[in-house]
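First comes the structure, then the notes that go with it.
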Amino acid sequence: MQTSNFKKGFHLATLIVLTLLLLLPLFVGISLSLSSSQSIAQGHLLPDHLEFSNYVKVFTSTSMAKFLWHSFIVSGSVMIGQVILSIMAAYAFVFLEFRFKKFAFILFLSTMMLPFEAQIIPNFATMRDLNLLNTYAAIGLPFLASAFGTFMMKTSFEQIPTALKQLSDIEGLNHFQFATRVVMPYTKVSIITFALYSFLTNWNMYLWPLIATTNDNVRTVQIGLRQLRSQDTASNWGLIMAATIVSVVPTLLIIFLGQKYFKKGLTNGVIK
């Protein structure tokens, strides 16, 4: 009994320490975002007095509002596209019969082994030839097809009882009706989980939006943060940290609001 209590106490203490270590950078960032430049220059981690004006200046003295809007457009569009295409591809691999299906799926998954750096030049050449550089399409199109999303949806669809497919055939449902009325409601947890994962991944992209754009008309928030370092605000670390916190808020909200779906995804073996 004492051994069991000791293990529980040790696990709890470990979790508390790890949580504090993970949250420490966030707390430091929030503290610095509420500090004046003079306080930060003096090496103070805690503000002498709260500078909420840093957050006001993020939206009045910089272009962060525009960059945030661009990120929402790109991340939301890519998320919707990835979810739709992944569902369609996974449905075909699970419920349709065609020649070389297994080989096609293996070939499709093999694209996950290609590092992104190896795809930059072909993707850039394609966007340039299509005259799409400096557009939302240039940022999002190369990522609409997701091998990971297809694998995730396929794994989830395979858990659907075959009796449901047989019953739908008896009822005369076509593929679209079966997918929207049976498959998607049955696997909504996996779909929502992948949608949240997709949004977070695309929100945090930096390298490709930087390469595919040359002006601020469509550039995303990650590039906007980097540009603050090279502008007149470069010495205002409180403002820069406030902009960083603002850019992190959407991802934190998604994680907090969608944590139950992430937990269910882990429990069902969807995310490994």
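This structure is a prediction, so every number in the text was calculated from the model and none was measured.
- Side-chain atoms of Asn134 come within 3.5 Å of backbone atoms of Thr214 as a donor-acceptor pair (strictly under, hydrogens ignored).
- Using modelled atom types, no side-chain atom of Ser198 and backbone atom of Phe194 make a donor-acceptor pair closer than 3.5 Å.
- For residues 24-35, the side chain to side chain donor-acceptor pair (under 3.5 Å) pairs, not counting sequence neighbours, are Ser33-Tyr55.
- The hydrophobic cluster containing Val182 also contains Met153, counting ILVMFWY residues as joined when their side-chain heavy atoms lie under 4.5 angstrom apart, directly or transitively.
- Residues Ile160 and Val183 form a side-chain contact, since some pair of their non-hydrogen atoms from C-beta on lies under 4.5 Å apart.
- In this structure, Arg219 contributes its side chain and Thr213 its backbone to a donor-acceptor pair below 3.5 Å.
- With contacts defined as side-chain heavy-atom distances shorter than 4.5 Å, the pair Thr126/Leu132 does not qualify.
- Under the ring pair (Phe, Tyr, Trp, His ring centres under 6.0 Å) criterion, the residue pairs touching residues 157-184 are Tyr91-His175, Phe95-Phe178, with sequence neighbours excluded.
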Taking only distance into account, with no hydrogens and no angle test, what donor-acceptor pairs under 3.5 Å do side-chain atoms of residues 103-122 form with protein atoms, sequence neighbours excluded?
from   : atom 1 : to     : atom 2 : distance (Å)
Ser110 : OG     : Leu107 : O      : 2.4
Thr111 : OG1    : Phe108 : O      : 2.6
Gln119 : NE2    : Leu114 : O      : 3.3

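- Two residues are said to be in side-chain contact when any heavy atoms from C-beta on lie closer than 4.5 Å; Trp69 and Val221 fail this criterion.
- Formation of a donor-acceptor pair under 3.5 Å by the Ser247 side chain with backbone atoms of Thr244 is found in this model.
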Go through the steps for Phe72 and Trp203 under the test ring-ring contact (aromatic ring centres under 6.0 Å, His included), then give the verdict. CA-CA 8 Å; Phe72 274 113; Trp203 181 273; 4.9 Å; yes
Show your reasoning for whether side chain to side chain contact (heavy atoms under 4.5 Å, CB included) applies to Ile211 and Leu207. CA-CA 6 Å; Ile211 294 174; Leu207 181 58; 3.8 Å; yes
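- Here Ile223 sits in one hydrophobic cluster together with Tyr206, Leu210; the rule is ILVMFWY side chains under 4.5 Å apart, joined directly or through other members.
- With contacts defined as side-chain heavy-atom distances shorter than 4.5 Å, the pair Leu68/Val246 qualifies.
- How far CD1 of Ile80 is from OG of Ser75: 11.0 Å, rounded to the nearest 0.5 Å.
- A donor-acceptor pair is defined here as one N or O able to donate and one able to accept, closer than 3.5 Å; such a pair exists between the side chain of Lys101 and the backbone of Phe93.
- At a threshold of 4.5 Å between non-hydrogen side-chain atoms, the residues Leu32 and Trp237 do not count as touching.
- Between Tyr136 and Ser77, every side-chain heavy-atom pair lies at or beyond the 4.5 Å cut-off.
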Begin from the C-alpha positions of Thr187 and Gln159 and carry the test side chain to side chain contact (heavy atoms under 4.5 Å, CB included) through to its verdict. CA-CA 9 Å; Thr187 59; Gln159 299 176 10; over 6 Å; no
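- Ile16 belongs to a hydrophobic cluster whose remaining members, ordered by chain and number, are Leu12, Leu20; membership requires side-chain heavy atoms of ILVMFWY residues under 4.5 Å apart, directly or through intermediates.
- No hydrogens or angles considered: nothing links the side chains of Gln222 and Thr220 as a donor-acceptor pair under 3.5 Å.
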Validation: residues 161-172 side-chain donor-acceptor distances under 3.5 Å, sequence neighbours left out:
from   : atom 1 : to     : atom 2 : distance (Å)
Ser168 : OG     : Leu164 : O      : 3.4
Ser168 : OG     : Lys165 : O      : 2.6

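- Checked by atom type, the side-chain pair Gln82/Ser146 shows no donor-acceptor distance below 3.5 Å.
- Using modelled atom types, no side-chain atom of Ser39 and backbone atom of Ser36 make a donor-acceptor pair closer than 3.5 Å.
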Give the C-alpha distance, both sets of side-chain angles, the deciding distance and a yes or no for side chain to side chain contact (heavy atoms under 4.5 Å, CB included) between Met152 and Thr193. CA-CA 10 Å; Met152 184 174 175; Thr193 301; 3.7 Å; yes
Given side chain to side chain contact (heavy atoms under 4.5 Å, CB included), test Asp216 with Phe67 step by step and report yes or no. CA-CA 8 Å; Asp216 296 343; Phe67 290 128; 3.9 Å; yes
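- Clustering ILVMFWY residues whenever any of their side-chain heavy atoms sit less than 4.5 angstrom apart, transitively, puts Leu15 in a cluster other than the one holding Val17.
- Around the CG atom of Asp129, the shell of radius 6.0 Å holds more than 12 heavy atoms that belong to other residues, nucleotides or ligands.
- Counting only heavy atoms from C-beta outward, the side chains of Leu239 and Leu228 never approach each other to under 4.5 Å.
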